[in-house]
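Values below: every heavy atom of this structure, side chains too, minus hydrogens, waters and symmetry copies.
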Amino acid sequence: MLIGVESTNTMDSQQVGAEPAAQNGGLRSTRENTGPHRLLIAGTGVVVAFCLAVTLVHLVLVFLYVAPSNAISKAYDQQINAWVRPLFSQNWRLFAPDPQSVNRQISAKVGYTAPNGSRRVSGWIDLSSMDDSAVKHHVFPSHTAQNMLRQAWNSYLKTHGSDDQPYSDRALLIQKYLRNIAVDRVTAQRGGTFDFIQLRVTTLPIVAPRSADGSRPAAAAPAPAVIRYLPWWKVDSHEAE
């Protein structure tokens, strides 16, 4: 009888000793699992807070850009324009549209170094036709394909004279913006790297529609196309990759 009691007491003591060990192992596993989970929650919170802060700053800057001139917008005019232009530029043409009176065809050619070390110049690449093909027969065409190149050229006309020299920081920014668009389009078309790029803009006025009897007014006779060659612009190697 004593032997049975001692065996029972020994088994009970082993079970009691095993329970704390099991509990300690469970706590250790829980702590190990909650560590990465807490880091994930903290990282997500930081990202969300950063996105909200950027969104708030963007809304404030755009509001100051479109709002009537005031003390704040005058004090931070340079910072506001640097953020809004040219990607977030705002206008009211939705309510007062300004239809195009001319058709423009923008082409580009590039200068590059051949494997033998000689300088080569490519043929003209039609950038406008690339945009037209991306829009034609598309129910929901891309906004960039419709307006990016056209608006960049319109901004270039407003900020540059006939000598194509940028006389302000905004003019220089628009020049780089137009150059970068052309570099991206040419790179997507032909690939490879190149050192220089030149643009050619052909402007053809839109002819007035015919009258009801099928005749066309004499004043609306087709005007000749105007071709403008821009200077060669240097392209960094990483821009053409």
Side-chain angles (χ1 to χ4, degrees), residues 9-91 94 127 130-131 134-135 138-149 151-152 155 169-170 172-195 197 233-241:
N9 293 336
T10 302
M11 293 177 61
D12 291 342
S13 62
Q14 291 177 351
Q15 291 178 356
V16 172
E19 288 180 358
Q23 292 177 358
N24 292 333
L27 290 175
R28 187 180 303 110
S29 177
T30 303
R31 290 174 181 174
E32 292 176 355
N33 292 333
T34 56
H37 183 66
R38 290 178 179 176
L39 291 177
L40 179 61
I41 293 177
T44 304
V46 171
V47 172
V48 171
F50 176 76
C51 293
L52 290 176
V54 172
T55 302
L56 179 61
V57 171
H58 172 73
L59 293 176
V60 171
L61 293 177
V62 172
F63 172 78
L64 292 174
Y65 180 81
V66 300
S69 180
N70 54 76
I72 299 178
S73 62
K74 291 180 180 179
Y76 298 96
D77 180 70
Q78 184 176 359
Q79 292 82 353
I80 294 172
N81 290 334
W83 176 263
V84 175
R85 296 174 177 175
L87 297 179
F88 306 110
S89 181
Q90 307 290 315
N91 58 61
L94 174 65
L127 305 182
M130 296 169 59
D131 288 350
V135 172
H138 281 244
V139 180
F140 301 103
S142 169
H143 178 76
T144 57
Q146 287 180 295
N147 298 314
M148 179 179 286
L149 182 61
Q151 293 288 11
S155 299
D169 293 339
R170 173 167 170 74
L172 182 60
L173 177 65
I174 293 298
Q175 184 186 97
K176 293 180 179 180
Y177 180 56
L178 179 61
R179 182 202 62 185
N180 292 343
I181 293 175
V183 169
D184 289 342
R185 304 290 172 90
V186 171
T187 303
Q189 178 73 13
R190 68 184 297 274
T193 59
F194 43 90
D195 305 312
I197 189 168
W233 291 331
K234 182 71 173 66
V235 177
D236 295 333
S237 59
H238 67 276
E239 293 177 338
E241 293 178 354

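In this structure, the side chains of Ile197 and Val235 come closer than 4.5 Å at one or more pairs of heavy atoms. Tyr65 has its side chain within reach of Asn81: a pair of non-hydrogen atoms, C-beta onward, lies under 4.5 Å apart. Between Leu64 and Val84, every side-chain heavy-atom pair lies at or beyond the 4.5 Å cut-off.
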Step-by-step side-chain contact (heavy atoms from CB on, under 4.5 Å) determination, His58 to Thr55: CA-CA 5 Å; His58 172 73; Thr55 302; 5.6 Å; no
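Summarising the geometry of Ile181 relative to Met148, their closest heavy-atom pair is CD1-CG, 3.3 Å, with the distance given to 0.1 Å. The two atoms that bring Leu178 and Ala152 nearest to each other are CD1-CB, 3.9 Å, heavy atoms only. For Ser73 against Pro68, the heavy-atom pair with the smallest separation is OG-O, 4.3 Å.
Remark: Leu61 engages Val57, Ile80, Trp83 in a side-chain contact (heavy atoms from CB on, under 4.5 Å) (not counting sequence neighbours). Remark: Asp169 pairs with no residue by the side-chain contact (heavy atoms from CB on, under 4.5 Å) rule, at least two apart or across chains. When the side-chain contact (heavy atoms from CB on, under 4.5 Å) test is applied to Val48, the partners found at least two apart in sequence or on another chain are Thr44, Leu52.
A 6.0 Å sphere centred on CD1 of Ile72 holds no more than 12 heavy atoms belonging to other residues, nucleotides or ligands.
With no hydrogens or angles considered, no side-chain donor-acceptor pair links Asn180 and Asp184 at under 3.5 Å.
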